Amino acid sequence: MGEFLRVLTDNASLFRDGFINTVKLFLIAGVGSLVLGTLLGAMRVSPIPALRAFGATYVNLIRNTPLTLVFAFLVFAVPKLDVNIDYFPSACIALTVYTSAFICEVVRSGVNTVATGQAEAARALGMTFAQVLTLIVLPQALRAMVPPLMSVLIAMLKNTTIAAGFSVLEAGAIPAYMAERGEPQFAVLTWIVIGFLILILPLVVLQRFLERKWAVAR
Amino acid sequence: MTTGDPLIVLDGVHKWFGPLHVLDDVSLSVDRGEVVVVIGPSGSGKSTLCRAINRLEPINEGTITFDGQPLPAEGKPLAKLRSEVGMVFQSFNLFAHKTILENVTLGPVKVRKEKPAAARERGLALLDRVGIANQADKYPAQLSGGQQQRVAIARALAMQPKAMLFDEPTSALDPEMVGEVLDVMTSLARDGMTMVVVTHEMGFARHAANRVVFMADGKLVEEAAPAEFFANPRSDRAKDFLSKILTH
Ligand SMILES: Nc1ncnc2c1ncn2[C@@H]1O[C@H](COP(=O)(O)OP(=O)(O)OP(=O)(O)O)[C@@H](O)[C@H]1O
Ligand SMILES: [Mg+2]
(Lines give C-alpha, C1' and ligand atoms only; values in the text may rest on other atoms or scores of the structure.)
(Ligands and ions follow the chains in the order given, each with its own letter.)
Protein backbone atom coordinates (compact mmCIF):
# COMPACT_ATOMS: atom_id res chain seq x y z
CA MET A 1 0.00 0.00 0.00
CA GLY A 2 2.87 2.36 0.79
CA GLU A 3 4.40 1.47 -2.54
CA PHE A 4 1.09 2.16 -4.24
CA LEU A 5 0.83 5.63 -2.71
CA ARG A 6 4.50 6.33 -3.43
CA VAL A 7 3.88 5.88 -7.17
CA LEU A 8 1.46 8.78 -6.99
CA THR A 9 3.42 11.09 -4.69
CA ASP A 10 6.75 10.57 -6.43
CA ASN A 11 5.23 11.39 -9.78
CA ALA A 12 2.67 13.93 -8.67
CA SER A 13 3.62 16.58 -11.21
CA LEU A 14 3.38 14.14 -14.12
CA PHE A 15 -0.04 12.94 -12.95
CA ARG A 16 -1.13 16.53 -12.41
CA ASP A 17 0.03 17.80 -15.78
CA GLY A 18 -1.46 14.80 -17.55
CA PHE A 19 -4.84 15.12 -15.95
CA ILE A 20 -4.92 18.90 -16.34
CA ASN A 21 -4.47 18.43 -20.07
CA THR A 22 -7.14 15.75 -20.10
CA VAL A 23 -9.57 18.15 -18.43
CA LYS A 24 -8.61 20.93 -20.83
CA LEU A 25 -9.11 18.67 -23.83
CA PHE A 26 -12.42 17.54 -22.42
CA LEU A 27 -13.71 21.03 -21.71
CA ILE A 28 -12.60 22.59 -24.99
CA ALA A 29 -13.76 19.69 -27.16
CA GLY A 30 -16.91 19.34 -25.03
CA VAL A 31 -18.01 22.92 -25.62
CA GLY A 32 -16.86 22.75 -29.25
CA SER A 33 -18.75 19.58 -30.02
CA LEU A 34 -21.89 20.69 -28.18
CA VAL A 35 -21.97 23.82 -30.33
CA LEU A 36 -21.02 22.13 -33.60
CA GLY A 37 -23.19 19.09 -32.87
CA THR A 38 -26.24 21.26 -32.14
CA LEU A 39 -25.68 23.21 -35.36
CA LEU A 40 -25.38 19.96 -37.30
CA GLY A 41 -28.49 18.62 -35.57
CA ALA A 42 -30.36 21.80 -36.56
CA MET A 43 -29.22 21.24 -40.16
CA ARG A 44 -30.54 17.69 -40.10
CA VAL A 45 -34.03 18.85 -39.14
CA SER A 46 -34.02 22.04 -41.22
CA PRO A 47 -36.43 22.64 -44.11
CA ILE A 48 -33.52 23.27 -46.51
CA PRO A 49 -32.59 20.04 -48.37
CA ALA A 50 -28.96 21.08 -48.98
CA LEU A 51 -28.37 21.61 -45.25
CA ARG A 52 -30.06 18.32 -44.42
CA ALA A 53 -27.85 16.54 -46.93
CA PHE A 54 -24.73 18.18 -45.53
CA GLY A 55 -25.63 17.17 -41.97
CA ALA A 56 -26.37 13.60 -42.99
CA THR A 57 -23.14 13.30 -44.97
CA TYR A 58 -21.09 14.68 -42.11
CA VAL A 59 -22.57 12.26 -39.61
CA ASN A 60 -22.24 9.23 -41.85
CA LEU A 61 -18.69 10.09 -42.79
CA ILE A 62 -17.33 10.99 -39.37
CA ARG A 63 -19.27 8.49 -37.28
CA ASN A 64 -17.91 5.65 -39.37
CA THR A 65 -14.31 6.82 -39.27
CA PRO A 66 -12.12 5.50 -36.44
CA LEU A 67 -11.12 8.31 -34.11
CA THR A 68 -7.44 7.52 -34.55
CA LEU A 69 -7.85 8.21 -38.26
CA VAL A 70 -9.47 11.57 -37.56
CA PHE A 71 -6.49 12.38 -35.32
CA ALA A 72 -4.02 11.19 -37.92
CA PHE A 73 -5.69 13.40 -40.50
CA LEU A 74 -5.32 16.49 -38.39
CA VAL A 75 -1.86 15.77 -37.04
CA PHE A 76 -0.18 14.32 -40.13
CA ALA A 77 -2.22 15.16 -43.22
CA VAL A 78 -3.37 18.72 -42.56
CA PRO A 79 0.21 20.04 -41.99
CA LYS A 80 1.03 18.78 -45.50
CA LEU A 81 -1.35 21.46 -46.73
CA ASP A 82 0.94 24.04 -45.11
CA VAL A 83 -1.51 24.59 -42.29
CA ASN A 84 0.45 24.31 -39.09
CA ILE A 85 -1.45 23.65 -35.94
CA ASP A 86 0.10 22.53 -32.69
CA TYR A 87 -0.53 19.07 -31.34
CA PHE A 88 -2.84 20.21 -28.56
CA PRO A 89 -5.19 22.34 -30.72
CA SER A 90 -5.14 19.56 -33.32
CA ALA A 91 -6.28 17.11 -30.68
CA CYS A 92 -9.08 19.50 -29.62
CA ILE A 93 -10.23 19.85 -33.21
CA ALA A 94 -10.09 16.10 -33.86
CA LEU A 95 -12.16 15.35 -30.77
CA THR A 96 -14.63 18.10 -31.62
CA VAL A 97 -15.06 17.00 -35.22
CA TYR A 98 -15.56 13.40 -34.13
CA THR A 99 -17.80 13.92 -31.10
CA SER A 100 -20.07 16.47 -32.78
CA ALA A 101 -21.29 13.74 -35.17
CA PHE A 102 -22.59 11.83 -32.14
CA ILE A 103 -24.03 14.94 -30.50
CA CYS A 104 -25.79 15.74 -33.77
CA GLU A 105 -27.56 12.39 -33.61
CA VAL A 106 -28.53 12.95 -29.98
CA VAL A 107 -30.02 16.32 -30.92
CA ARG A 108 -31.86 14.87 -33.91
CA SER A 109 -33.36 11.99 -31.96
CA GLY A 110 -34.23 14.38 -29.12
CA VAL A 111 -36.06 16.64 -31.56
CA ASN A 112 -37.96 13.60 -32.82
CA THR A 113 -39.35 12.97 -29.33
CA VAL A 114 -41.20 16.30 -29.45
CA ALA A 115 -44.69 16.03 -30.95
CA THR A 116 -44.81 17.48 -34.47
CA GLY A 117 -47.82 19.56 -33.47
CA GLN A 118 -45.57 21.68 -31.25
CA ALA A 119 -43.41 22.83 -34.16
CA GLU A 120 -46.46 23.16 -36.37
CA ALA A 121 -48.24 25.46 -33.92
CA ALA A 122 -45.07 27.55 -33.65
CA ARG A 123 -44.77 27.83 -37.41
CA ALA A 124 -48.43 28.73 -37.67
CA LEU A 125 -47.74 31.69 -35.34
CA GLY A 126 -45.14 32.95 -37.83
CA MET A 127 -42.00 31.84 -36.02
CA THR A 128 -38.87 31.35 -38.09
CA PHE A 129 -37.13 27.98 -38.18
CA ALA A 130 -34.53 29.21 -35.67
CA GLN A 131 -37.27 30.41 -33.30
CA VAL A 132 -39.23 27.19 -33.60
CA LEU A 133 -36.11 25.23 -32.73
CA THR A 134 -34.72 27.37 -29.91
CA LEU A 135 -37.98 28.48 -28.27
CA ILE A 136 -40.22 25.46 -28.70
CA VAL A 137 -38.55 22.25 -29.82
CA LEU A 138 -35.09 22.13 -28.22
CA PRO A 139 -36.27 23.09 -24.71
CA GLN A 140 -38.72 20.18 -24.85
CA ALA A 141 -36.15 17.86 -26.43
CA LEU A 142 -33.53 18.47 -23.72
CA ARG A 143 -35.10 16.09 -21.27
CA ALA A 144 -34.85 13.15 -23.64
CA MET A 145 -31.37 14.25 -24.68
CA VAL A 146 -29.71 14.25 -21.25
CA PRO A 147 -28.93 10.52 -20.81
CA PRO A 148 -27.54 9.92 -24.34
CA LEU A 149 -25.72 13.26 -24.19
CA MET A 150 -23.95 12.20 -21.01
CA SER A 151 -22.99 8.88 -22.58
CA VAL A 152 -21.45 10.73 -25.51
CA LEU A 153 -19.57 13.10 -23.20
CA ILE A 154 -18.26 10.25 -21.05
CA ALA A 155 -17.14 8.43 -24.17
CA MET A 156 -15.38 11.60 -25.25
CA LEU A 157 -13.64 11.94 -21.91
CA LYS A 158 -12.22 8.48 -22.42
CA ASN A 159 -11.43 9.23 -26.06
CA THR A 160 -9.11 12.03 -24.95
CA THR A 161 -6.53 9.30 -24.24
CA ILE A 162 -6.09 8.78 -27.98
CA ALA A 163 -4.33 12.15 -28.05
CA ALA A 164 -1.41 10.45 -26.26
CA GLY A 165 -0.59 8.72 -29.49
CA PHE A 166 -0.28 12.12 -31.13
CA SER A 167 2.27 13.76 -28.83
CA VAL A 168 -0.15 15.33 -26.37
CA LEU A 169 0.77 14.79 -22.75
CA GLU A 170 -2.54 13.85 -21.23
CA ALA A 171 -3.58 11.15 -18.80
CA GLY A 172 -3.33 8.47 -21.48
CA ALA A 173 0.33 9.34 -22.01
CA ILE A 174 1.27 8.80 -18.37
CA PRO A 175 1.89 5.01 -18.55
CA ALA A 176 4.57 5.38 -21.22
CA TYR A 177 6.47 7.96 -19.16
CA MET A 178 6.12 5.84 -16.05
CA ALA A 179 7.42 2.78 -17.83
CA GLU A 180 10.57 4.74 -18.65
CA ARG A 181 10.92 5.65 -15.01
CA GLY A 182 10.56 1.98 -14.12
CA GLU A 183 7.40 2.44 -12.06
CA PRO A 184 5.11 -0.58 -11.53
CA GLN A 185 2.47 -0.50 -14.27
CA PHE A 186 -0.26 -2.02 -12.16
CA ALA A 187 -0.17 0.86 -9.69
CA VAL A 188 0.16 3.45 -12.45
CA LEU A 189 -2.84 2.16 -14.39
CA THR A 190 -4.92 1.85 -11.25
CA TRP A 191 -4.22 5.49 -10.41
CA ILE A 192 -5.25 6.52 -13.91
CA VAL A 193 -8.49 4.59 -13.64
CA ILE A 194 -9.14 6.31 -10.30
CA GLY A 195 -8.41 9.66 -11.97
CA PHE A 196 -10.96 9.01 -14.69
CA LEU A 197 -13.57 7.88 -12.20
CA ILE A 198 -13.08 11.14 -10.34
CA LEU A 199 -13.53 13.09 -13.57
CA ILE A 200 -16.63 11.17 -14.61
CA LEU A 201 -18.31 11.56 -11.22
CA PRO A 202 -19.38 15.19 -11.76
CA LEU A 203 -20.94 14.21 -15.09
CA VAL A 204 -22.98 11.50 -13.44
CA VAL A 205 -24.08 13.90 -10.71
CA LEU A 206 -25.01 16.50 -13.33
CA GLN A 207 -27.06 13.94 -15.23
CA ARG A 208 -28.96 12.94 -12.08
CA PHE A 209 -29.59 16.57 -11.28
CA LEU A 210 -30.90 17.46 -14.75
CA GLU A 211 -33.08 14.37 -14.95
CA ARG A 212 -34.63 15.19 -11.57
CA LYS A 213 -35.12 18.80 -12.47
CA TRP A 214 -36.87 18.04 -15.76
CA ALA A 215 -38.86 15.14 -14.38
CA VAL A 216 -41.03 17.52 -12.36
CA ALA A 217 -41.11 20.49 -14.71
CA ARG A 218 -42.81 20.03 -18.04
CA MET B 1 -71.85 38.75 -42.85
CA THR B 2 -70.21 38.77 -46.25
CA THR B 3 -68.68 41.84 -47.75
CA GLY B 4 -68.00 40.92 -51.36
CA ASP B 5 -64.38 41.70 -50.54
CA PRO B 6 -62.36 38.49 -50.90
CA LEU B 7 -59.66 37.84 -48.28
CA ILE B 8 -58.75 34.24 -49.07
CA VAL B 9 -58.88 33.06 -52.67
CA LEU B 10 -57.98 29.56 -53.85
CA ASP B 11 -57.90 29.07 -57.58
CA GLY B 12 -57.50 25.71 -59.29
CA VAL B 13 -55.56 24.22 -56.38
CA HIS B 14 -54.15 20.72 -56.75
CA LYS B 15 -52.24 18.74 -54.17
CA TRP B 16 -50.88 15.21 -54.32
CA PHE B 17 -49.44 13.03 -51.58
CA GLY B 18 -47.52 10.67 -53.82
CA PRO B 19 -50.16 9.12 -56.07
CA LEU B 20 -52.99 10.34 -53.85
CA HIS B 21 -54.83 13.33 -55.31
CA VAL B 22 -55.84 15.10 -52.08
CA LEU B 23 -56.94 18.43 -53.50
CA ASP B 24 -58.43 18.21 -56.97
CA ASP B 25 -58.98 21.55 -58.70
CA VAL B 26 -60.24 23.35 -55.61
CA SER B 27 -61.40 26.92 -56.09
CA LEU B 28 -62.84 28.81 -53.17
CA SER B 29 -63.14 32.44 -52.23
CA VAL B 30 -63.73 33.61 -48.67
CA ASP B 31 -64.81 37.18 -48.09
CA ARG B 32 -63.68 39.40 -45.29
CA GLY B 33 -65.91 38.70 -42.30
CA GLU B 34 -67.30 35.53 -43.81
CA VAL B 35 -67.56 32.25 -41.92
CA VAL B 36 -67.15 29.18 -44.11
CA VAL B 37 -67.71 25.71 -42.70
CA VAL B 38 -66.02 22.83 -44.51
CA ILE B 39 -67.54 19.40 -44.09
CA GLY B 40 -67.03 16.07 -45.77
CA PRO B 41 -66.11 12.45 -45.11
CA SER B 42 -62.84 11.43 -43.52
CA GLY B 43 -59.93 11.65 -45.92
CA SER B 44 -61.70 14.04 -48.28
CA GLY B 45 -58.94 16.64 -47.91
CA LYS B 46 -60.50 19.10 -45.44
CA SER B 47 -57.44 19.35 -43.22
CA THR B 48 -55.17 19.66 -46.22
CA LEU B 49 -57.30 22.48 -47.59
CA CYS B 50 -57.16 24.26 -44.25
CA ARG B 51 -53.40 23.79 -43.91
CA ALA B 52 -52.75 24.90 -47.46
CA ILE B 53 -54.14 28.34 -46.65
CA ASN B 54 -51.20 29.17 -44.35
CA ARG B 55 -48.88 26.93 -46.33
CA LEU B 56 -48.29 24.40 -43.58
CA GLU B 57 -48.97 22.16 -46.56
CA PRO B 58 -47.49 23.38 -49.85
CA ILE B 59 -49.62 22.85 -52.95
CA ASN B 60 -48.54 21.47 -56.31
CA GLU B 61 -50.68 23.49 -58.70
CA GLY B 62 -52.95 26.50 -58.70
CA THR B 63 -52.75 29.70 -56.69
CA ILE B 64 -53.76 30.83 -53.22
CA THR B 65 -53.90 34.52 -52.43
CA PHE B 66 -54.37 36.05 -49.03
CA ASP B 67 -55.39 39.69 -48.72
CA GLY B 68 -54.51 40.27 -52.36
CA GLN B 69 -51.03 38.70 -52.16
CA PRO B 70 -50.06 35.27 -53.46
CA LEU B 71 -48.77 33.07 -50.63
CA PRO B 72 -45.00 33.57 -50.26
CA ALA B 73 -42.96 30.42 -50.87
CA GLU B 74 -40.82 30.56 -47.74
CA GLY B 75 -38.68 32.61 -45.38
CA LYS B 76 -39.64 35.88 -43.70
CA PRO B 77 -42.56 36.74 -45.98
CA LEU B 78 -44.16 33.36 -45.31
CA ALA B 79 -43.63 33.76 -41.57
CA LYS B 80 -45.30 37.16 -41.78
CA LEU B 81 -48.28 35.73 -43.63
CA ARG B 82 -48.64 32.98 -41.05
CA SER B 83 -48.60 35.55 -38.27
CA GLU B 84 -51.67 37.11 -39.90
CA VAL B 85 -53.62 33.85 -40.10
CA GLY B 86 -54.59 32.24 -36.82
CA MET B 87 -54.77 28.47 -36.71
CA VAL B 88 -56.49 26.19 -34.23
CA PHE B 89 -55.69 22.48 -34.31
CA GLN B 90 -57.71 19.46 -33.37
CA SER B 91 -55.07 18.46 -30.81
CA PHE B 92 -54.69 22.01 -29.35
CA ASN B 93 -50.87 21.91 -29.64
CA LEU B 94 -50.31 24.32 -26.76
CA PHE B 95 -46.61 24.70 -25.98
CA ALA B 96 -46.23 22.12 -23.23
CA HIS B 97 -43.24 23.77 -21.51
CA LYS B 98 -44.83 27.22 -21.30
CA THR B 99 -47.52 28.54 -18.97
CA ILE B 100 -50.94 29.45 -20.32
CA LEU B 101 -50.08 33.15 -20.31
CA GLU B 102 -46.70 32.50 -21.96
CA ASN B 103 -48.46 30.49 -24.65
CA VAL B 104 -50.56 33.53 -25.44
CA THR B 105 -47.77 36.14 -25.28
CA LEU B 106 -44.95 34.22 -26.99
CA GLY B 107 -46.12 34.99 -30.54
CA PRO B 108 -46.69 38.71 -30.01
CA VAL B 109 -43.34 39.12 -28.20
CA LYS B 110 -41.12 36.91 -30.37
CA VAL B 111 -42.78 37.29 -33.76
CA ARG B 112 -44.34 40.75 -33.55
CA LYS B 113 -41.61 42.12 -31.25
CA GLU B 114 -44.22 43.68 -28.98
CA LYS B 115 -43.28 44.91 -25.54
CA PRO B 116 -43.77 42.08 -23.01
CA ALA B 117 -45.91 44.29 -20.76
CA ALA B 118 -48.28 45.19 -23.59
CA ALA B 119 -48.46 41.58 -24.79
CA ARG B 120 -49.14 40.43 -21.26
CA GLU B 121 -51.97 42.88 -20.83
CA ARG B 122 -53.64 41.87 -24.07
CA GLY B 123 -52.94 38.20 -23.30
CA LEU B 124 -54.73 38.44 -19.99
CA ALA B 125 -57.64 40.26 -21.63
CA LEU B 126 -57.91 37.49 -24.23
CA LEU B 127 -57.73 34.77 -21.58
CA ASP B 128 -60.50 36.60 -19.79
CA ARG B 129 -62.52 36.69 -22.98
CA VAL B 130 -62.26 32.91 -23.39
CA GLY B 131 -62.89 32.43 -19.66
CA ILE B 132 -59.48 31.15 -18.53
CA ALA B 133 -58.00 34.24 -16.87
CA ASN B 134 -57.70 32.52 -13.49
CA GLN B 135 -55.52 29.75 -14.95
CA ALA B 136 -52.88 32.02 -16.49
CA ASP B 137 -49.95 30.59 -14.53
CA LYS B 138 -50.79 26.93 -14.99
CA TYR B 139 -49.26 24.61 -17.58
CA PRO B 140 -51.34 23.20 -20.47
CA ALA B 141 -51.38 19.66 -19.07
CA GLN B 142 -53.14 20.97 -15.95
CA LEU B 143 -56.15 22.15 -17.99
CA SER B 144 -59.08 20.22 -19.42
CA GLY B 145 -59.30 19.73 -23.18
CA GLY B 146 -61.97 22.38 -23.55
CA GLN B 147 -59.90 24.86 -21.58
CA GLN B 148 -56.79 24.05 -23.61
CA GLN B 149 -58.65 24.62 -26.85
CA ARG B 150 -59.95 27.96 -25.63
CA VAL B 151 -56.37 28.94 -24.76
CA ALA B 152 -55.33 27.86 -28.25
CA ILE B 153 -57.94 30.22 -29.67
CA ALA B 154 -56.69 33.02 -27.43
CA ARG B 155 -53.12 32.28 -28.55
CA ALA B 156 -54.14 32.66 -32.18
CA LEU B 157 -56.16 35.82 -31.46
CA ALA B 158 -53.21 37.39 -29.64
CA MET B 159 -51.55 37.83 -33.03
CA GLN B 160 -54.53 39.96 -34.11
CA PRO B 161 -55.00 37.81 -37.22
CA LYS B 162 -56.96 38.82 -40.29
CA ALA B 163 -58.48 35.34 -40.50
CA MET B 164 -58.75 32.20 -38.40
CA LEU B 165 -58.51 28.59 -39.54
CA PHE B 166 -60.04 25.85 -37.40
CA ASP B 167 -59.32 22.20 -38.14
CA GLU B 168 -61.89 20.12 -36.26
CA PRO B 169 -61.42 22.14 -33.07
CA THR B 170 -63.92 20.11 -31.06
CA SER B 171 -63.27 16.58 -32.35
CA ALA B 172 -60.80 15.68 -29.61
CA LEU B 173 -63.04 16.97 -26.82
CA ASP B 174 -65.29 15.16 -24.42
CA PRO B 175 -68.90 15.98 -25.35
CA GLU B 176 -69.50 18.19 -22.33
CA MET B 177 -66.66 20.48 -23.39
CA VAL B 178 -67.69 20.99 -26.99
CA GLY B 179 -70.17 23.73 -26.14
CA GLU B 180 -67.71 26.01 -24.35
CA VAL B 181 -65.39 26.01 -27.37
CA LEU B 182 -68.19 26.51 -29.88
CA ASP B 183 -69.46 29.44 -27.80
CA VAL B 184 -66.12 31.18 -28.15
CA MET B 185 -66.10 30.51 -31.89
CA THR B 186 -69.66 31.75 -32.30
CA SER B 187 -68.85 34.99 -30.54
CA LEU B 188 -65.80 35.42 -32.79
CA ALA B 189 -68.00 34.91 -35.83
CA ARG B 190 -70.46 37.52 -34.53
CA ASP B 191 -67.61 39.99 -34.11
CA GLY B 192 -66.88 39.70 -37.81
CA MET B 193 -63.80 37.47 -37.82
CA THR B 194 -63.11 35.78 -41.14
CA MET B 195 -63.19 32.07 -40.41
CA VAL B 196 -62.65 28.79 -42.22
CA VAL B 197 -63.89 26.01 -39.98
CA VAL B 198 -63.57 22.30 -40.61
CA THR B 199 -66.14 20.75 -38.31
CA HIS B 200 -68.87 18.19 -38.03
CA GLU B 201 -70.79 20.35 -35.57
CA MET B 202 -73.92 20.93 -37.60
CA GLY B 203 -75.37 23.24 -34.97
CA PHE B 204 -72.43 25.57 -35.35
CA ALA B 205 -72.67 25.38 -39.13
CA ARG B 206 -76.36 26.27 -39.04
CA HIS B 207 -76.07 29.15 -36.60
CA ALA B 208 -72.71 30.72 -37.25
CA ALA B 209 -71.74 29.95 -40.83
CA ASN B 210 -72.50 32.04 -43.88
CA ARG B 211 -71.67 29.19 -46.19
CA VAL B 212 -71.16 25.46 -46.05
CA VAL B 213 -68.67 23.82 -48.37
CA PHE B 214 -68.90 20.09 -48.91
CA MET B 215 -65.79 18.15 -49.93
CA ALA B 216 -65.40 14.58 -51.16
CA ASP B 217 -62.35 12.87 -52.66
CA GLY B 218 -60.39 16.10 -52.75
CA LYS B 219 -63.06 17.90 -54.74
CA LEU B 220 -65.21 20.76 -53.67
CA VAL B 221 -68.51 19.13 -54.50
CA GLU B 222 -71.09 21.60 -53.31
CA GLU B 223 -71.42 24.94 -51.56
CA ALA B 224 -74.51 26.68 -50.27
CA ALA B 225 -75.95 28.68 -47.40
CA PRO B 226 -76.26 26.38 -44.36
CA ALA B 227 -80.07 26.29 -44.25
CA GLU B 228 -80.25 25.43 -47.90
CA PHE B 229 -77.45 22.87 -47.76
CA PHE B 230 -78.97 20.95 -44.87
CA ALA B 231 -82.51 21.12 -46.26
CA ASN B 232 -81.71 20.43 -49.92
CA PRO B 233 -78.31 18.92 -50.56
CA ARG B 234 -77.97 18.63 -54.33
CA SER B 235 -75.21 16.06 -54.84
CA ASP B 236 -75.64 12.39 -54.01
CA ARG B 237 -72.39 12.44 -52.03
CA ALA B 238 -73.70 15.22 -49.81
CA LYS B 239 -77.08 13.51 -49.38
CA ASP B 240 -75.38 10.29 -48.43
CA PHE B 241 -73.00 12.02 -46.04
CA LEU B 242 -75.73 14.04 -44.33
CA SER B 243 -77.97 11.00 -43.92
CA LYS B 244 -75.10 9.27 -42.13
CA ILE B 245 -74.19 12.02 -39.71
CA LEU B 246 -77.68 13.32 -39.04
CA THR B 247 -79.18 9.98 -38.16
CA HIS B 248 -76.57 9.42 -35.44
N1 LIG C 1 -48.58 13.95 -44.83
C2 LIG C 1 -49.30 13.08 -45.56
N3 LIG C 1 -48.71 12.15 -46.31
C4 LIG C 1 -49.45 11.28 -47.06
N5 LIG C 1 -50.79 11.28 -47.11
C6 LIG C 1 -51.45 12.17 -46.37
C7 LIG C 1 -50.75 13.12 -45.54
N8 LIG C 1 -51.67 13.91 -44.92
C9 LIG C 1 -52.86 13.46 -45.33
N10 LIG C 1 -52.75 12.43 -46.19
C11 LIG C 1 -53.85 11.74 -46.88
O12 LIG C 1 -54.54 12.68 -47.65
C13 LIG C 1 -55.93 12.45 -47.60
C14 LIG C 1 -56.64 13.71 -47.15
O15 LIG C 1 -56.26 13.96 -45.82
P16 LIG C 1 -56.90 15.09 -44.94
O17 LIG C 1 -56.25 15.01 -43.61
O18 LIG C 1 -56.85 16.38 -45.65
O19 LIG C 1 -58.41 14.60 -44.86
P20 LIG C 1 -59.57 15.10 -43.92
O21 LIG C 1 -60.71 15.42 -44.81
O22 LIG C 1 -59.08 16.17 -43.03
O23 LIG C 1 -59.92 13.80 -43.10
P24 LIG C 1 -60.34 13.66 -41.56
O25 LIG C 1 -61.81 13.94 -41.48
O26 LIG C 1 -60.03 12.22 -41.26
O27 LIG C 1 -59.52 14.60 -40.75
C28 LIG C 1 -56.12 11.27 -46.67
O29 LIG C 1 -56.31 10.12 -47.46
C30 LIG C 1 -54.85 11.18 -45.89
O31 LIG C 1 -54.56 9.85 -45.56
MG1 LIG D 1 -58.73 16.30 -40.95
Side-chain angles (χ1 to χ4, degrees), chain A residues 38-39 41-55 106-147 149 209-218, chain B residues 47 50-51 53-58 72-100 102-113 138-142 148 151-152 155-161 164-167 172:
Chain A
T38 306
L39 280 177
M43 287 183 186
R44 292 211 71 177
V45 298
S46 88
I48 301 165
L51 289 183
R52 280 205 304 272
F54 176 83
V106 172
V107 170
R108 191 175 67 100
S109 60
V111 164
N112 286 339
T113 64
V114 181
T116 52
Q118 294 285 307
E120 217 156 57
R123 279 193 286 149
L125 282 179
M127 286 190 196
T128 61
F129 171 70
Q131 286 177 322
V132 174
L133 205 61
T134 56
L135 297 174
I136 305 301
V137 177
L138 282 182
Q140 296 188 62
L142 271 181
R143 206 176 126 192
M145 279 162 53
V146 168
L149 209 53
F209 170 76
L210 291 178
E211 279 178 318
R212 285 247 178 84
K213 184 173 160 201
W214 285 324
V216 264
R218 239 152 305 270
Chain B
S47 295
C50 206
R51 294 157 57 83
I53 294 173
N54 65 359
R55 216 169 190 285
L56 279 182
E57 211 65 83
E74 55 193 54
K76 286 260 152 65
L78 178 60
K80 179 165 186 302
L81 168 112
R82 284 180 178 152
S83 73
E84 293 174 347
V85 183
M87 180 142 194
V88 176
F89 302 85
Q90 181 174 347
S91 48
F92 329 135
N93 296 348
L94 291 180
F95 303 132
H97 62 311
K98 300 278 181 192
T99 65
I100 297 308
E102 286 167 346
N103 262 276
V104 177
T105 57
L106 199 64
V109 172
K110 298 295 179 182
V111 176
R112 285 276 159 73
K113 314 290 180 201
K138 289 193 178 165
Y139 283 88
Q142 294 170 282
Q148 289 191 50
V151 174
R155 173 175 70 179
L157 289 176
M159 300 298 286
Q160 300 176 302
M164 292 275 286
L165 311 171
F166 295 82
D167 188 4

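The model shown is predicted, which means the values in this text are computed figures rather than measured ones. These values consider heavy atoms only, across backbone and side chains, with no hydrogens, waters or symmetry-generated copies. A, B, ... follow the sequence lines: proteins, then strands. Residue 1 opens every chain.
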Chain A heavy atoms under 4.5 Å from [X]: which part of the residue, side chain, backbone, both or neither?
| X | value |
| --- | --- |
| B/Phe95 | both |
| B/Leu94 | backbone |
| B/Val88 | neither |
| B/Arg51 | side chain |

Look at A/Ala124, A/Ala122, A/Ala115 and state which one has the largest set of heavy-atom pairs under 4.5 Å with chain B. A/Ala124
Please flag which part of A/Gln118 lies under 4.5 Å from any non-hydrogen atom of chain B: side chain, backbone, both or neither. both
Rounded at 0.5 Å granularity, tell me how far [atom1] in [X] sits from [atom2] in [Y].
| X | Y | atom1 | atom2 | answer |
| --- | --- | --- | --- | --- |
| B/Asn93 | A/Thr116 | CG | OG1 | 7.5 Å |
| A/Arg123 | B/Asn54 | CZ | CG | 9.0 Å |
| B/Lys98 | A/Gln140 | NZ | CD | 9.0 Å |

Of A/Leu135, A/Leu125, A/Ile136, A/Thr134, the one forming a side-chain contact (heavy atoms from CB on, under 4.5 Å) with B/Lys110 is A/Leu135
Take atom NZ in B/Lys113; do more than 12 heavy atoms of anything else shown fall under 6.0 Å from it? yes
